[in-house]
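Step one of this worksheet: look at the structure below.
Ligands are counted one by one from 1 in listed order, and the atoms in each one are counted from 1 as well. Atoms considered below: every heavy atom in the structure, side chains included; atoms not considered: hydrogens, waters and symmetry mates.
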Amino acid sequence: MLTGRRLLLAVTGGVAAYKSAFLARRLVEGGAEVKVMLTESALEFVGPQTYAAITGSQPHVALFGEDMVSPHTELARWCELAVVAPATAATLGKLSAGISDNLVVSTLLATKAPVLIAPAMHTEMWEHPATRRNMETLRGYGYIVVGPETGALAGGDEGIGRMSEPEAILEAIETALTPSGPSLRVLVTAGGTREPVDPVRYLGNRSSGKMGHAVADEAARRGHMVTLVTTSALPTHPAVKVVAVETAEEMLQAVEGTPADVAVMAAAVADFRPTTSGAEKIPRSQGLESIPLSPTPDILASVVARQPRPVVVGFAAETGDVERAVEKAKRKDVDLLVYNDVTEPGSGFGTDTNRVVVIDAGGGTEQWPLMTKSEVAAKLLDRALGMRVSDRP
Ligand code: CTP
């Protein structure tokens with residue numbers, strides 16, 4: 001897998017730089033041709049000779065004054081994959097803003113090769129809004145992100161921010177170098193349906209559509225064929241086919257017309273709609289004591305019933321405990337159910353973050369930490385796209 005592959009390893013200034021020497025060694029042992037770039041601050045943690053001895057070639061440090069005429073463009077064109085490990089907060093910030101004031105950032109901006117980053121920093125820095133925003137931007141550029149993990153940090157601290165172990169990074173490198181599998185047909189529903197009472201008013205809910213849009217965008221970035229059936233006007237990745245709908249009935253029609261290998265049903269579909277909605281606005285003077293309601297179609301059930309059956313991911317925004325959602329996953333017969341408690345801070349409607357529990361078809365639960373909706377989307381797709389319906393218990 002690694003034999004003869006041209007890998008560029010960028011090491012930036014964090015204590016995890018010592019682990020990157022081990023990574024370089026594993027890559028070389030695997031048969032890869034490895035070139036290394038070090039930032040000035042990386043030199044505070046590791047010496048160039050370490051990497052020279054491991055890789056057999058002198059690491060590159062400077063943008064100017066080296067043997068090469070234009071080191072950043074030469075390295076950028078040479079590599080098949082660039083790996084930044086560790087990636088410090090400073091480098092992530094410069095990369096996301098395009099500030100190419102050193103060899104590492106200049107080369108990464110100049111390359112057309114995929115870029116994999118393994119962030120490492122203190123918890124407070126990782127959780128700072130600036131870093132979160134930078135990560136969001138870098139994911140948007142299509143960068144592959146590995147870690148960070150929770151564990152021991154520099155100076156005896158503990159928390160999230162520890163660079164992933166070399167073995168985990170190695171695995172991600174191998175995956176990135178593996179020709180990607182077939183492009184899948186991914187169907188996503190998003191937003192809250194609006195059921196008309198009259199031409200002016202509707203019954204609706206507070207779903208913003210952010211979670212479903214994040215899933216659609218991430219699937220498109222991975223090269224899949226994505227159809228997003230949504231009530232939300234949020235912007236989307238240019239490759240996403242958007243079908244705009246308002247009501248549950250329209251959403252059902254759009255979903256029924258869309259073939260899918262994987263269906264991610266993130267929409268908050270109204271369970272009931274006004275039985276009648278006239279062409280005329282109901283005047284206030286007329287009064288309205290009650291609105292007769294009829295049930296809406298269960299869109300998810302129609303997808304679950306398809307033959308052949310796609311992998312189906314449902315969502316459950318609840319206010320109760322997870323047991324209700326585990327029961328719902330069984331009742332709805334989904335492959336995965338993403339449960340979140342909308343009353344929890346950071347998990348409600350319209351937020352950019354979510355804290356979810358993912359329930360599988362066997363009733364197994366996995367609590368994920370508070371993450372941005374893009375991060376949840378990426379992790380969810382890692383699981384759902386790798387599933388086969390035949391894997392069901
Ligand atoms: N869903 C759907 N069509 C509906 C209702 C729900 O496709 N008419 C999907 C949602 O997109 C979500 C999942 O089903 O993925 C669960 O939605 P939820 O509203 O929690 O399910 P309900 O069956 O309405 O459950 P409850 O009894 O809690 O209202």
Side-chain angles (χ1 to χ4, degrees), residues 186-196 202-216 219 226-232 234 243-260 262-275 293-306 309-344 347-350 354-361 363 365 368 373 376-377 380-381 383-384 387:
V186 180
L187 163 67
V188 183
T189 66
T193 62
R194 293 186 280 268
E195 312 298 333
Y202 61 80
L203 297 182
N205 62 68
R206 296 177 57 208
S207 169
S208 64
K210 283 183 179 174
M211 192 61 241
H213 280 240
V215 171
V226 185
T227 304
L228 173 64
V229 181
T230 181
T231 66
S232 161
L234 287 169
V243 184
V245 295
E246 286 262 320
T247 64
E249 189 56 47
E250 287 169 10
M251 189 170 271
L252 176 72
Q253 300 300 326
V255 164
E256 282 187 337
T258 306
V262 177
V264 181
M265 315 298 283
V269 185
D271 290 323
F272 298 96
R273 63 174 177 80
T275 307
L293 299 175
S294 306
T296 53
D298 190 335
I299 304 167
L300 184 136
S302 78
V303 177
V304 167
R306 284 186 193 182
R309 183 199 148 112
V311 168
V312 183
V313 180
F315 276 72
E318 305 275 356
T319 52
D321 61 37
V322 70
E323 291 316 315
R324 217 175 103 82
V326 172
E327 182 276 319
K328 184 177 282 189
K330 286 215 178 75
R331 176 164 45 89
K332 299 242 167 204
D333 194 23
V334 289
D335 299 282
L336 292 174
L337 186 77
V338 183
Y339 154 85
N340 70 309
D341 183 342
V342 291
T343 60
E344 258 193 55
S347 281
F349 293 111
N354 215 349
R355 188 194 305 277
V356 303
V357 177
V358 174
I359 302 157
D360 63 30
T365 60
W368 292 356
K373 286 184 174 169
V376 174
L380 186 62
L381 287 173
R383 274 197 70 177
M387 284 177 103

Taking atom 15 (O) of ligand 1 as the reference point, the nearest protein heavy atom with its distance: M265 O, 2.6 Å

Reference residue R194; test salt bridge (Lys or Arg N to Asp or Glu O under 4.0 Å); the match among E249, E250, E246: E246

- prompt: With a 3.5 Å cut-off and no angle check, do the side chains of T258 and T227 form a donor-acceptor pair?
  reply: no

- prompt: At a 4.0 Å threshold, what atoms of ligand 1 neighbour a non-hydrogen atom of D298?
  reply: 2 (C), 3 (N), 4 (C), 8 (N)

- request: Report yes if some N/O of K332 lies less than 3.5 Å from some N/O of ligand 1; otherwise report no.
  value: yes

Option set G314, A263, A267, criterion heavy-atom distance to atom 10 (C) of ligand 1, minimum: A267

field: Contact partition for A268 relative to ligand 1, non-hydrogen atoms under 4.0 Å
entry: neither

query: Please state which protein non-hydrogen atom is closest to atom 7 (O) of ligand 1 and give its distance, to 0.1 Å?
result: L300 N, 2.8 Å

message: Would you say E195 and T193 are linked by a side-chain donor-acceptor pair, where the criterion is simply a distance under 3.5 Å?
response: yes

message: Tell me whether R309 is salt-bridged to D333, with the criterion being a basic N under 4.0 Å from an acidic carboxylate O.
response: yes

task: Considering only non-hydrogen protein atoms, determine which one is nearest to atom 20 (O) of ligand 1 and report residue, atom name and distance to 0.1 Å.
output: K328 NZ, 2.4 Å

message: Under a 4.0 Å threshold between the charged nitrogen and the carboxylate oxygen, would R355 count as salt-bridged to D341?
response: no

- request: May I ask you to check whether over 12 heavy atoms, not counting those of R306, lie within 6.0 Å of atom CZ?
  value: yes

- prompt: Can a salt bridge be assigned to the pair K328 and E318 using a cut-off of 4.0 Å between side-chain N and carboxylate O?
  reply: yes

statement: atom 16 (C) of ligand 1 sits nearest the protein heavy atom F315 O, 3.1 Å

task: Number the atoms of ligand 1 from 1 as they appear, then name those within less than 4.0 Å of a heavy atom of R324, with their elements.
output: 28 (O)

task: Give the residue, atom name and distance (to 0.1 Å) of the protein heavy atom nearest atom 8 (N) of ligand 1.
output: P297 O, 2.8 Å

- request: Using heavy-atom distances, let me know which of V269, D271, T189, V264 sits nearest atom 1 (N) of ligand 1.
  value: V269

- prompt: Of the protein's non-hydrogen atoms, which lies at the shortest distance from atom 3 (N) of ligand 1, and what is that distance?
  reply: I299 N, 3.1 Å

From CZ (F315) to CG (L380), nearest 0.5 Å: 5.5 Å

